[in-house]
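Because the structure is a prediction, the values reported are computed rather than measured.
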Amino acid sequence: MNLNEIFEKQIDRNIDGVIKADDIENLKQELEEYVVTREIEKHLGNFFDAYNDYQSANGVWISGFFGSGKSHLLKMLSLVLENDSVDDSKVTEIFLNKPAFNDNTILKKDIEKASSIPSRSILFNIDAKSAVSTTDQSDAILSVFVKVFDEFCGYSPKSPYIAQFERELDKEGFFQDFKKEIESLTGKEWLLVRERRTRFSKEIDSAYNKITGANSEDILKTYSNDYSLSIEDFANRVNSYINDREGNFRLNFFVDEVGQY
């Protein structure tokens, strides 16, 4: 018998030294091999008990030394709560198949209950998503949250005023027709046109006016001049997104490396 034959898993498989929050290449392996220690088990109990008995706005801060597993735990929580499918298996089916949950049936039931609540997870590394000068701005965290939320919704992550333009078109039911008209006029997709908006300003105005029945000139400049950023506006956008979903839907933000802010 060879030495590698006594192990359940291939010992020559790739194992990343550092878990990245936004890495989706090896999700099943990460879920299967995540170790729930006694300390983590205790904190998971507190977390899921509070999540299931949601009373008011709240958040959770994960604290620990460098390399202690903060990002890994954050990633596991985001996956378990969303409970999507990985390789034809539900996340909770993979995650709960651990020795730690054999004797702790209360925690197992709490995790199953939490994962049954309809939700989406927005998981991101705040340093990777921020602009170079973001940390020097008074609204640094808000700016990154707006960016990742716009991207999550399918709108421009680079220009918040363009994302607002897209959001309002979408809300009025014009966005898809607008994109088709842009492609008809320019021969290019809207994703490319919005990156070269100055060059295609006339075509953007023509498409907007035709689809909406307006008579606007330089519509994106108008949005740029009128755009303002506030916590209240962002909260209202998130609330609107949640209210458009069915049931007791929740939108959870999981932010890695936020300590530097």
So, [X] side chain and [Y] main chain: donor-acceptor pair closer than 3.5 Å or not?
X: Lys108; Y: Phe101; answer: no
X: Glu82; Y: Ser121; answer: yes
X: Asn52; Y: Ala114; answer: yes
X: Asn83; Y: Thr92; answer: yes
X: Lys98; Y: Tyr34; answer: yes
X: Asn225; Y: Lys221; answer: yes
X: Asn236; Y: Glu232; answer: yes
X: Asp170; Y: Glu166; answer: no
X: Arg250; Y: Tyr51; answer: yes
X: Lys147; Y: Lys129; answer: yes

Do the ring planes of Tyr223 and Phe165 sit parallel (below 30°), tilted (30 to 60°) or perpendicular (above 60°)?
->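 Taking Phe165 first and then Tyr223, their aromatic rings stand perpendicular (interplane angle over 60°).
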Mind checking whether Phe234 and Phe145 have parallel, tilted or perpendicular rings, split at 30° and 60°?
->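 Because their plane-to-plane angle is over 60°, the rings of Phe234 and Phe145 count as perpendicular.
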Looking at [atom1] of [X] and [atom2] of [Y], how far apart are the two atoms once the value is rounded to the nearest 0.5 Å?
X: Lys28; Y: Asp88; atom1: NZ; atom2: CG; result: 8.0 Å
X: Arg237; Y: Ile242; atom1: CZ; atom2: CD1; result: 14.5 Å
X: Ile211; Y: Lys180; atom1: CD1; atom2: NZ; result: 9.5 Å
X: Leu229; Y: Tyr161; atom1: CG; atom2: OH; result: 14.5 Å
X: Lys70; Y: Phe65; atom1: NZ; atom2: CZ; result: 9.5 Å
X: Phe254; Y: Leu81; atom1: CZ; atom2: CG; result: 4.5 Å

Could you check whether any side-chain heavy atom of [X] comes within less than 4.5 Å of a side-chain heavy atom of [Y], counting everything from C-beta outward?
X: Leu44; Y: Leu73; answer: yes
X: Phe48; Y: Leu77; answer: yes
X: Leu220; Y: Thr198; answer: no
X: Lys75; Y: Leu27; answer: yes
X: Ile204; Y: Ile182; answer: yes
X: Leu185; Y: Ser206; answer: yes
X: Met76; Y: Leu31; answer: yes
X: Phe175; Y: Tyr155; answer: yes

Within 45° of the ring axis of Tyr241 and under 6.0 Å from its six-membered ring centre, is that where the NZ or CZ of Arg245 lies?
-> yes
Hey, is [atom1] on [X] packed in by over 12 heavy atoms from elsewhere, all under 6.0 Å?
X: Asp103; atom1: CG; value: no
X: Glu217; atom1: CD; value: no
X: Lys90; atom1: NZ; value: yes
X: Glu195; atom1: CD; value: yes
X: Asp233; atom1: CG; value: yes
X: Leu192; atom1: CG; value: yes

Please report the C-alpha distance between Val60 and Phe47 in whole Å, then the side-chain angles of each, then the deciding distance to 0.1 Å, and finally whether the side chain to side chain contact (heavy atoms under 4.5 Å, CB included) criterion is met.
-> CA-CA 8 Å; Val60 175; Phe47 173 83; 3.7 Å; yes
Minimum heavy-atom distance [X]-[Y], with the two atoms named:
X: Thr105; Y: Asn102; result: CG2-O, 4.3 Å
X: Val36; Y: Ile40; result: CG1-CG2, 4.3 Å
X: Ala100; Y: Glu41; result: O-OE2, 3.9 Å
X: Ile117; Y: Asn248; result: CG2-O, 3.4 Å

Please report the C-alpha distance between Asp150 and Arg167 in whole Å, then the side-chain angles of each, then the deciding distance to 0.1 Å, and finally whether the salt bridge (Lys or Arg N to Asp or Glu O under 4.0 Å) criterion is met.
-> CA-CA 9 Å; Asp150 286 340; Arg167 178 177 284 106; 2.7 Å; yes
Report whether [X] and [Y] are members of the same hydrophobic cluster (ILVMFWY, side-chain heavy atoms less than 4.5 Å apart, transitive linking).
X: Ile106; Y: Leu96; answer: no
X: Val35; Y: Val91; answer: no
X: Leu142; Y: Trp61; answer: yes

Mind running side chain to side chain contact (heavy atoms under 4.5 Å, CB included) on Phe124 and Phe253 for me, showing each step along the way?
-> CA-CA 8 Å; Phe124 62 99; Phe253 290 85; 4.2 Å; yes
Evaluation steps, side chain to side chain contact (heavy atoms under 4.5 Å, CB included), between Leu251 and Phe152 | CA-CA 11 Å; Leu251 183 64; Phe152 171 78; 4.0 Å; yes
Chi angles and distances behind the side chain to side chain contact (heavy atoms under 4.5 Å, CB included) call for Asp205, Ser216 = CA-CA 7 Å; Asp205 287 342; Ser216 300; 5.5 Å; no
